[in-house]
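Notes follow the structure.
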Amino acid sequence: MNKRGQVTIFIIIAIILIVAVAFYFVLKDDISVDKIPTEVEPVYTNLISCLEETTEEGVEYLGMHGGYYEIPEAVSISYFTDDIPYYYLNLKTNIPPIERIEGELENYIHNYLSNCLDFKDFEEQGFEIREGDLLVYVNINEKEIRTKLDYPLTISKGKSTKRLREFEIEIDSDLERLLEVSEEVVNSYSEKPGFVCVTCLEEISNNNEVQITSAPFSNYDEESIFFLITSPETELNWKFAVE
Amino acid sequence: MKNKKLVIFLGVLVFLIGSLSFVYCDEIGGETTGTIDIGELIGIGVEKIFGSGMEYDEGLIKDFETENSLNINGDEFENIIPKSVSGNPTYIKLEAGNIESADITISEEGTYTFNGKSTPFSVPAGSRIIFMNNEITIEFPDGGEIKEFSDLNLEETYLTKIKGENVKLPGEHSLDGGDLYYNGKLFVKAGDEVIIDKIEFTELEKDVNLYFEKDFNPANHKDENYFNYEKDKISLGGYGFTADLGTENNVFGDMETEKYIDGQKDPKTRNLEITLNGGNLEISKDKNSKSGLAFNVQGNGDYIIDNSRVVIYSEKDLKLEEQKLFVKVRYKEELTCSYDLNFNEGEHILESNIFKNNKGNELLNGNTRSENIIHKTKNLDKKEVAKIKKAIEDKLGKGTVKDWTGLLNEGREEKIIKNYVEATYSANQNIVGTKISPEGLFVRSALEGVGVDRDGYLFYEYYKDQNSLIPSNQMGLDFIGDEQHIQELIDLKFLQEGVEFVFDESGDNLNEFSQTMKPVFFKNSKDALTVFAAEWAYRKYLFERDFKEHFGDKKLGKITPGEEDFWVTYYWNSGAGAGKGQLTGAKYNTYNRYGDPIVVQGKGRENVYGPFKEGEWVSIHNSRYNAVLGEATTIFMKAIGIFSSP
């Protein structure tokens, strides 16, 4: 090997090292939640608590609207200003799948996060915050709901600039279980549409440790029945209608 | 000659005596005929059938006279009322020496025997007895009584039909209409409709046996359709019949069956209708019930109980050997009231229109919206309400929450609440997509004095006198006298056709801008609230339009309902021009309190909207104060959930 070749190898190694070091410094701020730089911690804490609050509000809202943030008009009934989805309409079951509910919650959080996210206060404290596009991912599990934000934030204060990107929270929720109970209620209803099998509701209620109330409702030209399922454990309500 | 004279003398004497006796007979009882021996006439033997005071012609004994007596094969028939008096066909038809058929009306109580078999009870005077095809029909006179049934079996009596509308039965029971049968025991025939003790039996697919036994044991009647009357208790079982307990039944007769609501001329009535489809029930008065309007129901098998508002269907799931109870709510134009039902010793309870289990879980809430609003208001947890009120006031300012729930907790308010519900629905039919909430409407109207004013209920006079007119200017609708504006409300469908405005052409009203308006009155509270809701929704539409124009559509979607209520109240109070000016920070024209035109600089959304602070001017003339009041009280109403769906 000649000298020129050796120099080339050294140059390549040097470039690799420089790039690696640069990458480390660029990405070190958003490597892990545990390593939040102290300078941006107030912003991070504010965002996390806002995300928790919005997720909880969203779950509550979705519960009272049968899992929807935006209910398709064709399958809903209006109770004053509240729209409630039909889970059973024209003799067909119409329960939103869990993936749809995840999407609805994502939309809710996307739309309402800014209500509690107040960067103005930080700006008054000398922070400069630049926001990238917000993406929300929701994952509903048996006992909890995970919400993850992909939300690039560049936060500068004085000469220091830090970047935050991924935020994740987890809240306890039995939403999935209430949805499953709803399916049982709708199946029971579909056996004799137009009637409420109160002993069946009682059985479903006992087996799943939830409270179920039905409320027949006549809205001038249409007759429907509301169902309200409540989890005594989490106090989450789940409301839907059947025709 | 002497003999001839004697013959003439005797002839005249006989004639005179004859004439005198004829006159005498007329005086003491009318025409008499001698005894007719019909048995001899028809060749079945002397004195087998004989009688007096009637005629016999070709097998038919007829034309009974006032005094009559008849013996047919040893059975006496007396006191048969002549046809001319009773108005009924009156005859006895014979066939081969026996009675083939008969139709007689009797003037004295007694037991009557046809071909050796007697009526199963002593038939009261005035009854019509028809014997035909080996059946006896007895049509009772009004108030006729059966003192007791004989122990005769079917060998000794005929199937007997009892007809009448006010027939007293043994044991203070009564037949109040229709046909009742006796064949050794009392029963109602399939297909018939009959009322006994004011309980109506209908849609009978099979005969139903009736009993009046104390300590009735249903187990002994498994293979029959039965209905037993006891004091404060009925037992019924079988298949395919309906019993309607009506409103005045003798069994539970002292229960309150009617309920008067203020402002309504006719009372609402309670009723209970039971259909058996292969089940059995015991229904007794619940003596422990606070309302005194409850029944205990012990039931098995398939049955339906309709208490006028809620229908309970019990079906036995043969596969699972389980009893399933289904419930369906009956929707009616007019509200009715209902009995409470306590199923199987408290396993389930239907209280008013709410069906609960023994753990207190509400499985079905069948109340109408107005009933539910009253129900929820009555059952508010006061501590919880105080907590909610405090939390709101901590945020929006002390004294900003008005608890008007007392206007929604009485039966007499049911009609007004129904009007709120319907007015909200009506206003929300608008074509611009604006939606008002019943809470917002209620709060605004209550703050305007629709619910109360310093003299009490604005609608109070209306409760008492349905003809009294409701003045619009006492409802905060002092600007509604503008006919062009009314037309706009109708065109945008905030207001539907059919509401009656009564204009006072002679009078003048000044609105809040010192403009002259015709005084307007409404004929009833429904119209008054409908117009109020239309105007409230219209103001909201104006706010939404201005907000979108200034801040964009997206931001309107994010505005809190509380802020929305704040601004709509502001628009209502100050007018749309001032509302817009304050919302957007623009200048606007208005009038001062002396009616002089002035120009005011609006402060802008961020400076106007916010909590009510200590030291601010507390006055109904302060639009910001009113707006915070509207916002806080509406949030409060929504938080306690009175108007929300159950």
Side-chain angles (χ1 to χ4, degrees), chain A residues 57 64-65 69-70 73 77-84 107-108 110-116 120 185 188-189 191-206 209-230 232 237 239-241, chain B residues 309-315 317 320 322-332 343 347-348 350 353-369 372 420-422 424-426 428-429 434-441 554-555 557-561 638 643-646:
Chain A
E57 279 174 5
M64 292 307 282
H65 298 85
Y69 168 49
E70 282 167 339
E73 206 178 308
I77 178 170
S78 283
Y79 187 89
F80 294 126
T81 46
D82 260 354
D83 288 335
I84 314 289
N107 289 345
Y108 182 94
H110 195 279
N111 216 13
Y112 282 97
L113 190 71
S114 60
N115 275 9
C116 59
K120 263 190 186 171
V185 171
S188 153
Y189 178 77
E191 284 175 23
K192 193 167 175 162
F195 297 81
V196 176
C197 174
V198 279
T199 42
C200 306
L201 292 189
E202 206 174 2
E203 195 185 337
I204 297 169
S205 163
N206 289 339
E209 294 177 350
V210 290
Q211 284 183 353
I212 308 172
T213 301
S214 62
F217 166 77
S218 172
N219 199 12
Y220 302 89
D221 49 352
E222 50 193 341
E223 282 185 13
S224 311
I225 300 167
F226 286 131
F227 284 95
L228 179 70
I229 302 169
T230 306
N237 292 308
K239 194 189 274 187
F240 60 90
Chain B
R309 290 294 313 279
V310 175
V311 193
I312 312 285
Y313 294 77
S314 166
E315 288 179 10
D317 189 328
L320 300 169
E322 273 177 9
Q323 197 74 17
K324 281 186 176 179
L325 287 181
F326 293 87
V327 178
K328 192 170 173 65
V329 170
R330 284 180 65 165
Y331 294 104
K332 286 186 173 180
F343 287 85
E347 207 172 282
H348 295 102
L350 177 65
N353 307 308
I354 295 175
F355 193 93
K356 297 176 186 173
N357 66 8
N358 54 7
K359 290 177 188 163
N361 288 347
E362 205 174 273
L363 297 165
L364 176 126
N365 181 331
N367 281 339
T368 61
R369 275 185 268 189
N372 244 331
Y420 271 108
V421 169
E422 290 180 355
T424 306
Y425 181 83
S426 167
N428 283 345
Q429 301 306 302
T434 296
K435 301 282 180 217
I436 58 166
S437 68
E439 291 92 347
L441 175 67
K554 266 193 172 179
K555 284 217 168 170
K558 286 185 177 183
I559 190 171
T560 62
K638 284 181 181 171
F643 280 98
S644 66
S645 57

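FYI, side chains are in, hydrogens and waters are out, and symmetry mates aren't considered; it's all heavy atoms of this structure. Reminder, nothing fancy here: chain letters follow the sequence lines and each chain counts from 1.
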Practice task
Could you check if a side-chain atom of A/Thr199 sits within less than 4.5 angstrom of a side-chain atom of B/His348, using non-hydrogen atoms only?
Solution key: yes
Problem - Within-4.5 Å side-chain heavy-atom neighbours: B/Lys324 and A/Lys192 - result: no
[X], part contacting chain B, at a heavy-atom distance under 4.5 Å:
| X | result |
| --- | --- |
| A/Cys200 | side chain |
| A/Asn206 | side chain |
| A/Asn111 | both |

Exercise for the section: Heavy atoms only: give me the nearest B/Val329-A/Pro216 pair and the separation to one decimal. Expected result: CG2-CG, 3.4 Å
Handout entry: Under 4.5 Å from a heavy atom of chain A, the part of B/Gln323 involved
Key = backbone
Handout entry: Per-residue contact mode, B/Lys359 against chain A (heavy atom under 4.5 angstrom)
Key = side chain
Practice task
Flag yes if more than 12 heavy atoms outside B/Gln429 fall under 6.0 Å of its CD atom; otherwise flag no.
Solution key: yes
Handout entry: Pairing residues for A/Ser205 by the side chain to side chain donor-acceptor pair (under 3.5 Å) criterion, not counting sequence neighbours
Key = none
Fill in the blank from the handout: Sequence neighbours excluded, the answer for side-chain contact (heavy atoms from CB on, under 4.5 Å) partners of A/Ser114 is B/Lys558
Exercise for the section: Could you go through the side chain to side chain contact (heavy atoms under 4.5 Å, CB included) check for B/Glu347 and A/Glu202 one step at a time? Expected result: CA-CA 11 Å; B/Glu347 207 172 282; A/Glu202 206 174 2; over 6 Å; no
Handout entry: Result of checking A/Val198, A/Val196, A/Leu201 against B/Leu325 for side chain to side chain contact (heavy atoms under 4.5 Å, CB included)
Key = A/Val198
Practice task
Report the distance from atom CG of B/Leu364 to atom CZ of A/Phe227, rounding to the nearest 0.5 Å.
Solution key: 8.5 Å
Exercise for the section: Using modelled atom types only, decide if a donor and an acceptor are shared between the side chain of B/Lys328 and the backbone of A/Gly194 within a distance under 3.5 Å. Expected result: yes
